[in-house]
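First the proteins, then the strands, lettered A, B, ... as listed; each starts at 1. No hydrogens, no waters, no symmetry mates; every other heavy atom, side chains included, goes into these values.
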Amino acid sequence: MDTETQTFAGAFQRFGQWKETDGSEARTAGAPEGENTIDIQGLNVYIQDKQILKDVTLQLFDRKITCIIGPSGCGKTTLLRSINRMIDTTEHVRVEGNVIVDGENIYGPKAEITHIRKKIGLLSQRPTPLPMSIYDNIAFGCRIHGTRNKKKLDAIVEQYLRATGLWDEVKDRLHNPASGLSIGQQQRLCLARGLAVEPQFILADESTSALDPVSSKHIEDLFLQLRERYGIIMVTHTLRQALRIADYVVFMYLGEVIEKGPADVLFNHPQHELTKQYLSGVFS
Amino acid sequence: MAVPLLKKRLAKDRCARSVMLALTVLSLLLLVAMGVGLYLKSEMILDRYSLWTLLTTSDWKPLKGSFGFLPFIASTLAVTALSILIALPISLLTALYLSEYAHSWTKRVVFPVLDILAGIPSVVYGVWGTLIIVPWIADALGPHFVDYTSGYTVLASGIVLGVMILPVLVSLFIEIFTIVPQDYRDAAASLGATKWQVCRKVILRKSLPGIIAAVVLAISKAFGETIAVLMVCGNSASIPHSLFDPCYPLPALIANNYGEMLSLPLYESALMFAAFILFFIILVFNFASRLLLRRVEKRYKL
């Protein structure tokens, strides 16, 4: 068992080195250059008196991809949903602690939810095109925040459909129902829709798990591009995916953050025993 | 040993299938039989007068041989339309509140009340209308708008009918809103939509076909509602020109007169024809709404 663990760790190490020589510099450790961060301080979340998150303290960086990994039921999704207060929609939920975004505590008494959610978008597990046309899906967010100008909306729709590589595929049928797209296209549409309200951060909740490998790759590539401008926080069940795209990794187990750090450090030199076991596949 | 057993099972299966098919056909035939029966019974009056005259004149003096059905048709349509106008916005907003905003304990209190409301016999609604709504219209509301009203009016019928279909509509709407997947709400909310925006732009839109179907059901019920309306409508065979005029919907006409005037064959035939018109209106209405529903579903690909 022990030797097996070592072999796996070795494989990760080699993969890491290969990425380094590949010219990817983003994975190197060091202070993030982005100024905006999300500061999670002592976050406890209870759902029906069951504690789901235990004293989570974490900093999430702008213009980086942070992957949250861990076994099922460890609170990854709850953590993600706490960051833009989507957790509020859950019944019998109690949240303690602070989440500071742009110097503002989103759980503070003056916090305004729609404003917070505009800043921190969410891409869900399964694509959820709203029951309207492709165009209206993208324009939805802008419209609810008050943009009515047709020319402006046209420009925004084109910009974000291009940003997600959908423009050429759908430009001739912008006013057809979005439900007619393939599932991979739908997920890119949802991403474009989220980007159109100009968030700082994108939360992705296993956003590729319902997709085929090609579409999944497409989304991953998009994330790598979007990292230039946004902070991306991604929950993933696929270790290999975290390995491919993460700058930072957070490992959670039973509601606690066990270990966090730059991807190459955490993957190659995990400090905690649980992390080592998880990475080597002892449990998943 | 196994083979005869199998044969027996298959025979039972075939038997069950044909029994169920027969029963289905029977219930379909019932509709046809009802339509044909009503038509045959109204043939006498249709022989005497042209269909056009019957439907477009408004003189109703059965003993003197003039049968104009227009007042009844107009009353039926007016009362039904008014009841939906009253009930639809109230029930939509109530249902949205209960399904989207309300705490679970509020729902636990309200749902049984709605069920009770829906289960109250219509004659009770009629009594309530006569005792409360009719005097209220005659004494408080009416004088602001017209010189004199008895209170037994289109408005009273519309209100009573609206109140009657309200709980049914609310229950149906809540069912329909519950079907909308949570994912849609989350998707819209995570873009920064307020709850009201989620309701208006996502929930109502997604449930549009369901809402139409529910309204169709409610209208069909309203068309045929007899006793409660009969008690507050005024039963006056003239075309109502305002909300404060009395009216006389088709079901009330039939219920009021059937059994009394059977000694006059022509009158009986006229009442049968009234029933046939009602039957026909509901039939046409249902077909039309089905077409509408199909178009809506196609349009939005919901």
task = Count the heavy atoms of every other residue, nucleotide or ligand shown that sit under 6.0 Å from NE2 of His103(B), and state whether that count exceeds 12.
result = no
task = Side-chain contact test, heavy atoms from C-beta onward, threshold under 4.5 Å: evaluate it for Thr89(A) versus Gln182(B) and give yes or no.
result = yes
note = Separation between CG (Asp205(A)) and CG (Asp186(B)), nearest 0.5 Å, reads 10.0 Å
key: Separation between CE of Met86(A) and CZ of Arg185(B), rounded to the nearest 0.5 Å   = 11.0 Å
message = Taking side chain as everything from C-beta outward and backbone as N, CA, C, O, which of these in Pro129(A) sits under 4.5 Å from a heavy atom of chain B? Side chain, backbone, both or neither.
response = backbone
query = Measuring from Gln197(B):CD to Thr114(A):OG1, what's the distance to the nearest 0.5 Å?
reply = 8.0 Å
request  = Using a cut-off of 6.0 Å, state whether more than 12 heavy atoms not belonging to Phe280(B) lie near its atom CZ.
outcome  = no
Least distance between heavy atoms, Pro131(A) atom then Arg205(B) atom = O-NE, 2.9 Å
message = Heavy-atom count check: over 12 atoms from other residues, nucleotides or ligands less than 6.0 Å from Asn149(A) CG?
response = yes
When Pro181(B), Gly192(B), Ala187(B) are compared by non-hydrogen pairs under 4.5 Å with chain A, the top option = Gly192(B)
task = Heavy-atom distances under 4.5 Å only: say whether Arg85(A) touches chain B with side chain, backbone, both or neither.
result = neither
ask   = By a 4.5 Å heavy-atom criterion (distance strictly below it), what part of Ile120(A) contacts chain B: side chain, backbone, both, or neither?
value = backbone
remark   = In short, Ser190(B) meets Asn84(A) closest at the heavy-atom pair CB-ND2, 4.2 Å
note = Across all chains, not counting sequence neighbours, the salt bridge (Lys or Arg N to Asp or Glu O under 4.0 Å) partners of Asp102(A) are Lys119(A)
Spatial distance of atom NE2 (His145(A)) from atom CG (Leu191(B)) [nearest 0.5 Å] = 7.0 Å
query = Got a sec: does the NZ of Lys107(B) have more than 12 other heavy atoms crowding it under 6.0 Å?
reply = yes
Selection from His115(A), Glu91(A), Glu112(A), Arg143(A) maximising heavy-atom pairs under 4.5 Å formed with chain B = Glu91(A)
request  = Check whether more than 12 heavy atoms from other residues, nucleotides or ligands sit under 6.0 Å from atom CZ of Arg173(A), and answer yes or no.
outcome  = yes
query = At their closest point, which heavy atom of Ala189(B) faces which heavy atom of Arg117(A), and how far apart are they?
reply = O-CD, 3.0 Å
